[in-house]
Every structure is written in C-alpha cells, then in structure tokens.
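All residue numbers refer to positions in the sequence shown, counting from 1. Just follow the structure's listing: the first ligand is 1, and inside any ligand the first atom is 1. Side chains included, hydrogens not; waters and symmetry mates left out as well; all remaining heavy atoms used.
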Amino acid sequence: MSASVFNKDIKYLPGVGPKRAGLLKEELNITTYGDLLYYFPYKHVDRTTFYHVRDVQPGMSSIQLKGQIKKFELAGKPNKRRLIGHFTDETGVIELVWFRGINWIRKSYQVNKDYVIFGKPTLFNSKINLVHPEVESLENYNSRVQTGFEAHYNTTERLKKNYINSKVIRKLQNNLIQEASDRIEETLPEWLRDQLKLYPLDKALLNIHFPEDQQKLKMALYRLKFEELFYLQLNILQQRTHRIRKFQGFVFEQVGRLLNEFYHQHLPFQLTNAQKRVLKEIRKDLGSGQQMNRLLQGDVGSGKTLIALMSMLIALDNGYQSCIMAPTEILATQHYKSIRQLLATMPVNVRLLTGSTANAERKEIHEQLLTGELEILIGTHALIEDTVQFKNLGLVVIDEQHRFGVAQRARLWKKNTQPPHILVMTATPIPRTLAMTVYGDLDVSVIDELPPGRKPVKTAHFYESKRYRVIDFMRKMIHQGRQIFIVYPLISESEKLDLKALEEGYDNILRYFPPPKYAVSVVHGKMRPEEKDKSMQLFVKGQTHIMVATTVIEVGVDVPNASVMIIENAERYGLSQLHQLRGRIGRGQYQSYCVLMSSDKLSDEAKKRLETMVRTTDGFEIAEADLQLRGPGDIEGTQQSGIPFELKIASLGQDNQLLQYARNIAMQVLDEDPDLEEEKNQPLVEQLKILASKKSNYSVVS
Ligand code: ADP
Ligand code: MG
C-alpha cells in the first residue's frame, strides 16, 4: 500500500469537516491524518486505578472514584452560590463542588446512581473537595473502550472557544485510529525493530494515544523517541561521512619550527594536562588528510586561546594562513593583544580586522592577505565579508561558537576551494552527544581542567533589600586593596532603559563611595572607543577601585586584582551568561567573590538559576542545569545551529541517554553499510528522504 493515509486531508476525518479543518490548520498546523497522528499528548492520566474515598489526600494528581452521590446542597451567598454533592463509596464521604452550571448539574446527575468520578483533590474550608470533577455514569463508563491511560492534548484558546478541547482531540484520534490503523506504514526496517525489540509503528501510535497500561505506554514512547533520535543521528552521521569523503584536509605534517620555538622559548607556563591532550587531538586531525571540524569546549579561563594560537602556529609552520573570528570587537581585540604578547619577539605577522579598522589599514590588510604576507588574522564578523580574501587559508578558529550560525560558518569555508580546518571554541559546555547533535557533525574536545592555582570563586545571592550588606562588603574589600566590577544588564531591545539603570547605579555608587577617597570608572556600549579604552585602562592599572559596566566586560578585560564581581539584576541573565561573567574574576592570587543581586520577587525559574550559580562553578554542571531548566531549544544559538528535523516527542535535554544509544546504533548501521545500499536498509533511505523533504531549513555546511 502507499503512504497515502498519512497524507490524507484532515477534513475527511469523521468529526472534522472543513470548518474544524481550518481551525486545526491555523492553530496547530495539522492538515493531514499524519499530522494529527503525530500530534502527541503532553501527558497521560492514569484511569486504570480506582481510589477509595478514605485514601484521598489533597495534593494528589487527578484520581478516579466509583460510588454514588447521596445528596446535593447549595451553599454560599446568593451571588456566590456553589453546589455541593456528597459523594460516597462506602469508605467515606467526599464533597464534589461546582461553581458554574449549577442548574445543569443538578438536572443531569441523580442521587443514588452509580458514577465514575474523576478529578483533582484540593483542600477547601479544611475539607477535601473535587472541584468541577468529570462525572460519568458507571453504565456509560463500562460500555466504552477502556483506554487505561488517558491522553491529554494541548489546545489553544481559540480551539477551546470552538469546542475543540483535549477531549475532542482524543475523540478525533480515536476516529483516526479506527479508520487508518491497518494502513499505517512502518518507518523502521524490520530487522532493526527485531534487533532492538521495538514496537511496530502502528502499535506505537495506538499506544501513545490510547495506552492500555503503563508498560505499553512506555514501549510506545520508547519506540517513537528512539526513531526520532535515530534518524536525526543517521542524518548527521551520513553528512559527516559525505563531508569526509568529499573534502580532503590540508595535511599539516611539519613538526614545526615556529611551534617549537614558541613552546620552548616563549610559553610562560606549563600546559595543563587537558591542554596537552586537546593539542594532541588537534594535531592528529591536522595531519590526518581529512578536514578537521572540531569543537573545543572549555570553561572560561581554561586556556583555549593558547590552544588556538598553537594550532595556528602549526598551520603557519606548514605554509598556511589562519584566522580567529570572535563575536565582538572587544573580544577580538583581547585575543589580538594576548596573542601579540604571547608571540612577543617571534617573527609572525598578526593583524586585527574589525568594523572600526580604518580604511587605509583595511586595504593594507586585504593586500597582505592576498600576498600571504599576513599570517594570522584576528577579527570579528568583518572577516566574513567577501572582500576579505586569503592566499591560502588553512585554519579557521571560531571563538564562542554559539553566537555564529551555521550559515556564517559556511561563508568562511568558501574562502578556499578546499575548505580550511575548523576549530570552534566555546565556553558554554554542553553534554557531548548533545553538542554533536546541535552543532552538526563536529568532533568534540574538552579542556576539563583549569590552570593550577586558581581558587574557585565564592558566590552569594543577595536580595535588593539586603543591599546595605553588600555595600559593607565592598568597602571591606576595597580597604584590603581589591577592585570591584559592578555589571548592569544590557539587553539590546531597550538599550536606553539599560543605560538609565546603569547611570542610576553609578550615581548610587558615587554616593556610597564618594571621591576623592574612592575612584569609580564607567564603561558602556554607547561610549566612544577611546573613552571606553581610557576608562578601562584606569581600572586595569588599578587607579580606580570600582568599574561600573554593562555586559561589555563579559568578554573583555583581564584584571587579576579585581576579585569581586557584583551582578545587578542577576535574575535577568541566563545561566551561561552568568557563568561567563563570573569567569572574569578568580584569575589572580586572591580569593574572589561573585555577588548576584536580584529584586526581592523572583520567579521559580530565576530562583533555581541563581541557586545553581551559588552551588557550583563547574561549567558542565551549569550547562546541564540550563538544559533542564530551559531545554535545548532555548540554548543560545541552537535554533540557527540547525537541528535537521523538528523533534516532536524526544527531548534532547532529557533523553540524552537514548540520544547516545540512537547515535551508537546509527553508527553501527553506517559502519556496516556506509552508503545505505543494502536491500534491508532501503526503508532507512526512504524515511530520510521523507524527513528531509519535510524540514529543510537546515543548511548543510558543505
Ligand atoms: P579561555 O579563553 O579558555 O577563557 P584564556 O585562554 O583566556 O581562557 O586563558 C585564561 C588565562 O589563563 C590567560 O591569562 C592565560 O594566559 C592563562 N593560561 C592559559 N593556560 C595556562 C596554563 N597552562 N597555565 C597557567 N596559565 C594559563
Ligand atoms: Mg577566551
């Protein structure tokens, strides 16, 4: 048979028709039978168990009772009437309460008749109630198909207004399954299903919508989630194979004069073991003849810049140019300065190109790039521009990956006929499998060790009402000779408001820390670069005690003597941003402190974020928490980084183990049959095609 039942227009489904079809399309984007079948419930409610009245506790989730209403009673003031039904099952009495539709209820339900009641117990007037319960006669209940676990579906206000609620969707699913269940075409090959003991698709779909029991629901979920993650991985791994085959990598085989000179004569410290390991991984890639496509994860301050520099020296030793692209001008400048400093007297031509590079200089840089005279270029998005052409670009380093999209990376690739090696660096660690999924087919290296001697930053959260204590603490620290950052949130949509907050904050600080005894610098995005620089320099040189700044310092200055960071309105930041900010301190010999200031009222999620920051300095733990709190869809940049298919049932954050498993299986399949040519794998090829045609906003970087 054909796949046609999935494609059948939803308006033909009994119970739908043209009007409802229009609504379903507009509100839920459901246009076909297949769309509806894949409109999965957000929860299932246990209707297999009957509770006894005496066991009912407030706070239980929805429960089911069997019994009779013994009498009805009206209560409350005339304008706030409520109807109470005294319901009993011989183990006790419980009150059913209605505030609306009282007359209708009174008429429809009879005393001393057997009912099945379903509702959520709550405490009211120190009695346990079921407010607006579902009531169904036992007779009716027994006559319909038992679902065991009842599926609940999200709907919208508009759908509800048009009487399409969760119950109606359930009914439609029922009609659909009745009509189509024997025409659902399998989407996984039989051998794979057998091997992994997976439900067939029809059974899985039936049991996701109408599970008989918990076990079947579990099996259905497992099959559907696995399938989703499996095809996702298969797709990614296949593209990887293609890339590796299609593009050869420049082979950097020279051991290297410059690298050696740097390592032996200029490196101011020992590499950490993690740095050594990562460098080895990179060298292996660079010499392999395959194009490197590697993600380097490492916490703030773990020494990624050094790895980038040493990788670039390898490129240079082999006669190739390289570049670093950073997300902001300040960060690019910082890289430029620290790399210049590290290279000290070495004969390497390094230059900086940003939006504010003067025209004459820009022209010179362009020329030097073409002749090959310029060896290492550091800059911002300016590097992507078409006017920037290299003689032979061998290695591209991208810092802070999450701010660049796949498309932007692709433009860098195109600067050569043969794509350069790519090293992507990020300080936002995410679990390995997730990284590989969200960032396409990058290999992952991890620096999981900080340089020796760093003292973990101590973090505390203070509510606005306790600010006076923070001021005392600041004073104490200044008297000990330390310097302090105060950061105000900068949220681009309302730069004016942000600036106002900063200005007010600055005025406040001056009141507590008046000149001439204290000196305060200010830095914000609206200042001219020279002004900004001057103000920063004062702080860097230790001539000011406090620096009041917007988040421009996030990726900016390195001041070892600054041991306190106060983050204002900390509740407005995401976890990864807080983590980045905190990484600005704790770089020197002193114990450092991070103070998270927040308003007195906080959402639960904000509270959890701040608690996480107080609890740990481990970037991976923070990333994990971020994932739990927000889900991967919200992790900065994941949208544009291009997950090829939309996930309907699996969650990248929560199903991480299954993701790993699915990846392993996909790898096995491709190891055995790299081009998916075998007969038994044809269903996979088919399904990949269908999925790709459905979702194609994924621009492959190749
Ligand atoms: P990241 O970019 O990972 O946040 P950086 O590369 O900026 O970290 O390094 C942070 C600081 O640590 C820099 O001042 C750098 O010189 C220093 N550093 C890097 N590696 C080491 C090391 N192995 N030992 C001591 N200090 C190091
Ligand atoms: Mg860095």
Side-chain angles (χ1 to χ4, degrees), residues 259 262-282 294-313 322-328 330-344 346 350 376 378 380 397-404 423-430 435 444-457 485 536 540 551-563 565 576-590 592 594 617-620 622-623:
L259 182 67
F262 175 75
Y263 191 77
H264 294 294
Q265 293 171 29
H266 299 280
L267 191 59
F269 32 65
Q270 284 243 311
L271 293 182
T272 62
N273 286 327
Q275 282 172 321
K276 281 184 195 155
R277 189 187 62 236
V278 165
L279 202 61
K280 231 187 237 161
E281 288 167 354
I282 291 172
R294 189 168 279 281
L295 176 70
L296 173 55
Q297 298 191 350
D299 227 328
V300 187
S302 61
K304 295 186 292 294
T305 312
L306 196 62
I307 296 299
L309 173 59
M310 291 172 79
S311 308
M312 292 193 296
L313 290 178
S322 46
C323 67
I324 299 188
M325 185 161 76
T328 64
I330 293 182
L331 185 55
T333 310
Q334 174 87 7
H335 276 316
Y336 177 69
K337 283 184 185 154
S338 52
I339 282 174
R340 283 296 285 255
Q341 204 177 354
L342 282 163
L343 288 176
M346 286 181 61
V350 185
I376 294 180
I378 298 173
T380 54
V397 180
I398 302 176
D399 197 9
E400 306 297 336
Q401 140 80 19
H402 56 284
R403 298 180 198 219
F404 291 106
L423 181 66
V424 174
M425 306 197 293
T426 173
T428 315
I430 57 176
V444 181
S445 287
V446 180
I447 307 186
D448 50 6
E449 182 186 358
L450 292 179
R454 299 262 171 87
K455 293 191 186 78
V457 177
F485 289 115
M536 277 212 200
V540 172
T551 37
V552 288
I553 63 152
E554 179 184 349
V555 283
V557 286
D558 199 357
V559 186
N561 190 47
S563 66
M565 162 147 319
S576 70
Q577 213 181 0
L578 288 171
H579 183 61
Q580 288 276 331
L581 279 171
R582 184 167 62 180
R584 288 295 107 199
I585 54 170
R587 296 187 161 222
Q589 67 203 95
Y590 307 106
S592 294
C594 176
T617 53
D618 179 334
F620 273 92
I622 288 169

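The option with the heavy atom closest to atom 17 (C) of ligand 1, from among R454, R584, Q334, E449, is R454. Atom 25 (C) of ligand 1 has its nearest heavy-atom neighbour, among S338, G583, P560, P451, in P451. The residue among A274, G303, P452, A308 with a heavy atom at the shortest distance from atom 19 (C) of ligand 1 is G303.
Interface of D299 with ligand 1, defined as ligand atoms under 4.0 Å from a residue heavy atom, comprises 3 (O). Those atoms of ligand 1 that come under 4.0 Å of a heavy atom in T272, given as number and element, are 23 (N). Counting the atoms of ligand 1 from 1 in the order shown, those under 4.0 Å from a heavy atom of T305 are 2 (O), 5 (P), 6 (O), 7 (O). For ligand 1, the atoms closer than 4.0 angstrom to any heavy atom of Q270 are 22 (C), 23 (N), 24 (N).
Among V446, D448, L296, the one residue that satisfies the side chain to side chain contact (heavy atoms under 4.5 Å, CB included) test with V278 is L296.
Side-chain contact between H335 and T305 is present, with at least one heavy-atom pair separated by less than 4.5 Å. In this structure the side chain of I307 reaches within 4.5 angstrom of the side chain of L279, judged on heavy atoms. Taking the side chain as every heavy atom from C-beta outward, I324 and M312 approach each other to under 4.5 Å. Counting heavy atoms from C-beta on, the side chains of V397 and S322 never come closer than 4.5 Å.
Assignment of G298 to the shell around ligand 1 is not supported, since no heavy atom sits closer than 4.0 Å.
Counting heavy atoms under 4.0 Å from ligand 1, residue H335 does not touch it at all. In L271, the part holding a heavy atom less than 4.0 Å from any atom of ligand 1 is the backbone. Contacts between Q275 and ligand 1 below 4.0 angstrom, taking non-hydrogen atoms only, involve the side chain exclusively.
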What pairs of donor and acceptor atoms, side-chain ones from residues 267-274 against any protein atom, are under 3.5 angstrom apart with sequence neighbours left out?
residue, atom, partner, partner atom, Å
T272, OG1, Q275, N, 3.1
T272, OG1, Q275, OE1, 3.3

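By the side chain to side chain donor-acceptor pair (under 3.5 Å) test, R340 pairs with Y336, sequence neighbours left out.
One distance of note links CZ of R294 with CD of E281; it measures 5.0 Å at 0.5 Å rounding.
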